[in-house]
Amino acid sequence: MKVVAASLINSLKGTFFTATCFRNPFLLVLQPPSAIQTILLAPFHSDSASNHHSHLTMCQKITKLDHALQLFDQMTQRQPLPSVVKFNQLLQSVTKMKHYSCSIHLFKQMTAIGVPVDVYTTNIVTKCCCQMSCTSEGFAVVAYGFRRGVDPDVYTFSTLLNGLILEDRILEAERLFKKLIKGKLCEPNVVMYTTMIKGLCKVGINDTAIGLLRLMDEKGCKPDVMTYSTIIDSLCKDKMIDDALKLFNEMILHKGILPDVVTYSSLIRGLCSSGDMRKAKEIFDLMKVRGHVPDVVTYSSLLNGYCKKSKILHLFHEIMEKGIKPNVVTYNTILQGLFRVGRCKDAFELFKEMQSHSHIPPNAITYRIVLEGLCNNRQLDEALSLFRMMGENELNLDIVAYTILIDGASKCGKPDITKVLFNELNTKGLNPDVRTYNVMISCFGREGLVREAKELFLQMEERGCPPDCVTYNVLLKGLLKNGQHDTIEMLLQKMDEQGFSVEASTCSMLLDHISSRSLDGSLLKLIGKLVPKEGKEAPCIDR
DNA sequence: CTAGGGTTAG
């Protein structure tokens, strides 16, 4: 058993230790395997930590993190040292506050002063690495522990599995999962199965996820409400509401598992996104009848459904009345709803209010919503001045925000502003992505700048940003609009090769040009191939 | 003292 574990960890080292990530100076375990030991055992050169504490007393407001750090310092100076359990509790409290790099930093200090670590310690620290999207370093921590006699357990492996899934390393997650079972390294339990199921759902293979649900049941590992909710949510995201409801019923009626607020919220969101507000409200009322209290996520989901139908706001009052604290998502949802119905002033008021009254700082998504809302309501100037006021921070250095403004300027008939913004990307060190290019090519098409549109199209491949289905469609439309027919056939052929399809609007333009004889009728066959089949999703529509 | 599920978004 131990030998198998050792070989597993060794084989994992090869796979996982290659990627290193130095994004955080505190992440001292971020080193290739050969260096792990030296680094972890190296004396810690105290920098901020001790100085930090000397002026702590001068701070008016001492955060909980400061308390924890102070306590840690005291603990390390005690003779004899407190038990590892005390250290674990402290590490866990720091981790619960999401100060992951701090936890890792403390762990490093623990090892440096010789506090013996146990499986709880390494599991907590492994989780910190995973939560920071540095799962490979999580493996390093596990290997470090293993060399000191700390055997990984089902908690360890579930944590690592979850880390891989968080980083979209699904193949590695599957490999690990299978290896654990084959090598009998640990008996998977409901948590581990649920984690693997989430991974499968995340890459959109719901069938396989359901297969694993059946398998765990067969193996005598009973799925619980979280297992079912994971799959139900994924089905809802894929608009397979009927299957989700089927599983929901199975869970309750056949398995005797009661749904909770998360299960209900997923269903409500699914029904909302498929436009069935009546059923969404029905489930919402039902959960209340059954004694479940909707939380901020439930309300935000329902609110979003109403906003998408341009019906809003009585629900917001209900949230306030119930004493539920709206969060940034709630605000973002309402902001978008207000812009959608053209209530820019109210939106702007709310935008200010969330910061002053509720002390909820807007995030990148908030700004995107506000910028797009203003552009859509033909208030380009306001959008631009807001954007300029945001300053040179991370919210301003956002390619999505730029793309929104570039598109907004173009649609508001200001191609000059479009070009200025696009050129600014270079100076800011931002790379246009495929959607930025699409917006630009569309803009050039609109302005009759065919040469520029073609140039950008060619640039995309060179810059490692290959055109997508939308690119081809906007370029085609630009060419057709400007009477450039020479490259149409070639583009259509390329689309065929790539499995892209023509949108309805592109298709009707093509047909118009054929009937007016500016395009050859022989193209019809090719166009026919590129029209998405009835009932099938067009491949260019994102999942 | 350790692991798993749900909200906004060009």
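By convention in this document, chain letters (A, B, ...) are assigned in the order of the sequence lines, proteins followed by strands, and residues within each chain are numbered from 1.
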Checklist entry - Mind checking whether A:Lys411 and A:Leu380 have side chains closer than 4.5 Å, heavy atoms only? => result no
Give [X] one of three labels, base, sugar-phosphate or nothing, depending on what nucleic acid heavy atoms sit under 4.0 Å from its own.
{"X": "A:Val261", "result": "base"}
{"X": "A:Asp407", "result": "nothing"}
{"X": "A:Lys127", "result": "sugar-phosphate"}
{"X": "A:Ile197", "result": "nothing"}
{"X": "A:Thr121", "result": "nothing"}
{"X": "A:Thr230", "result": "sugar-phosphate"}
{"X": "A:Thr298", "result": "base"}
{"X": "A:Ile404", "result": "sugar-phosphate"}
{"X": "A:Val190", "result": "base"}
{"X": "A:Thr227", "result": "base"}
{"X": "A:Thr403", "result": "base"}
{"X": "A:Asn189", "result": "base"}
{"X": "A:Arg368", "result": "base"}

Item to check | Nucleotides bounding contact with chain A, strand DNA chain B, heavy-atom threshold 4.0 Å | outcome: B:dC1 to B:dG10
Checklist entry - Do the rings of A:Tyr264 and A:His292 sit parallel, tilted or perpendicular, given the 30° and 60° boundaries? => result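 A:Tyr264 and A:His292: tilted rings.
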Checklist entry - More than 12 foreign heavy atoms under 6.0 Å from CD of A:Glu318: is that the case here? => result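 Atom CD in A:Glu318 is crowded, with more than 12 foreign heavy atoms closer than 6.0 Å.
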Checklist entry - In terms of heavy-atom contacts, does CG of A:Asn426 have more than 12 from other residues, nucleotides or ligands at under 6.0 Å? => result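 It does not: A:Asn426 CG has 12 such atoms or fewer within range.
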Contact summary for [X] and [Y], nearest pair of heavy atoms:
{"X": "A:Thr263", "Y": "A:Met251", "value": "CG2-CE, 3.9 Å"}
{"X": "A:Asn438", "Y": "A:Met460", "value": "OD1-CE, 4.3 Å"}
{"X": "A:Gly138", "Y": "A:Cys129", "value": "N-CB, 3.5 Å"}

Next on the checklist: Just to be sure I understand the geometry, which residues of residues 216-226 of chain A put a non-hydrogen atom under 4.0 Å away from DNA chain B?
Outcome noted: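 Hits under 4.0 Å, by residue number: A:Asp224, A:Val225, A:Met226.
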Item to check | Passing option when A:Thr403 is tested against A:Thr436, A:Asp398, A:Asp433 for side chain to side chain donor-acceptor pair (under 3.5 Å) | outcome: A:Thr436
Item to check | A:Arg148 to A:Tyr144 six-membered ring, cation-pi geometry met (6.0 Å, 45°) | outcome: yes
